[in-house]
Amino acid sequence: MAKVKLDLKSLSEQDLKDKIAEEQLRLKKITFSHAITPIENPMSIRSLRREIARMKTELHKRELGF
């Protein structure tokens with residue numbers, strides 16, 4: 001079950017910020033539900049955290065002008 005990678009370079013800066021906020025909310029919900037009842041695939045938490053980090057890195061590079 002390979003997940004399709006999101007092309008971060010094609011998103012505008014505002015779209016990137018919106019996507020980060022959306023994914024962070026999703027991570028909070030998944031983490032909370034995992035604390036109550038274990039989810040089927042706990043590795044999805046790690047992959048979601050890493051995807052958020054990739055988006056934040058791209059946003060930071062744009063702010064620096066790279």
Side-chain angles (χ1 to χ4, degrees):
M1 184 171 109
K3 186 174 180 181
V4 177
K5 264 189 142 177
L6 182 65
D7 186 23
L8 299 177
K9 297 189 187 304
S10 66
L11 294 175
S12 70
E13 194 169 319
Q14 186 59 43
D15 289 339
L16 201 52
K17 288 179 183 179
D18 293 341
K19 187 76 173 159
I20 290 171
E22 177 184 313
E23 293 297 314
Q24 284 179 329
L25 180 63
R26 190 169 145 227
L27 178 64
K28 283 182 185 180
K29 288 180 180 179
I30 289 174
T31 306
F32 183 72
S33 68
H34 181 61
I36 295 173
T37 59
I39 59 175
E40 186 176 316
N41 185 7
M43 292 300 287
S44 63
I45 294 173
R46 180 190 292 180
S47 64
L48 188 56
R49 273 196 345 250
R50 287 181 178 181
E51 188 62 35
I52 291 169
R54 284 185 193 100
M55 288 187 277
K56 284 184 173 181
T57 300
E58 179 64 29
L59 184 63
H60 188 68
K61 280 175 28 179
R62 290 181 187 187
E63 289 171 353
L64 293 177
F66 287 109

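The structure displayed is predicted, hence computed values, not measured ones. Values below: every heavy atom of this structure, side chains too, minus hydrogens, waters and symmetry copies.
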Mind listing the closest non-hydrogen atom pair of T31 and I45 along with its distance?
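Minimum heavy-atom separation between T31 and I45: OG1-CG2, 4.4 Å.
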The criterion is side chain to side chain contact (heavy atoms under 4.5 Å, CB included); which residues satisfy it with Q24, sequence neighbours excluded?
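Once residues adjacent in sequence are excluded, the partners of Q24 under the side chain to side chain contact (heavy atoms under 4.5 Å, CB included) criterion are I20, I52, K56.
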Set of residues satisfying side chain to side chain contact (heavy atoms under 4.5 Å, CB included) with respect to K9, sequence neighbours excluded:
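For K9, the residues satisfying side chain to side chain contact (heavy atoms under 4.5 Å, CB included) (neighbours in sequence not counted) are D7, E58, K61.
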Can you name the one residue among R49, K28, M55 that meets side chain to side chain contact (heavy atoms under 4.5 Å, CB included) with E23?
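Exactly one pass, corresponding to M55.
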Let me confirm one number: the [atom1]-[atom2] distance from [X] to [Y], rounded to the nearest 0.5 Å.
| X | Y | atom1 | atom2 | value |
| --- | --- | --- | --- | --- |
| D18 | E13 | CG | CD | 11.0 Å |
| L27 | L48 | CG | CG | 5.0 Å |
| I39 | S44 | CD1 | OG | 4.0 Å |

What residues form a side-chain hydrogen bond (donor to acceptor under 3.5 Å, both in side chains) with S12, not counting sequence neighbours?
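Listed in chain order: D15.
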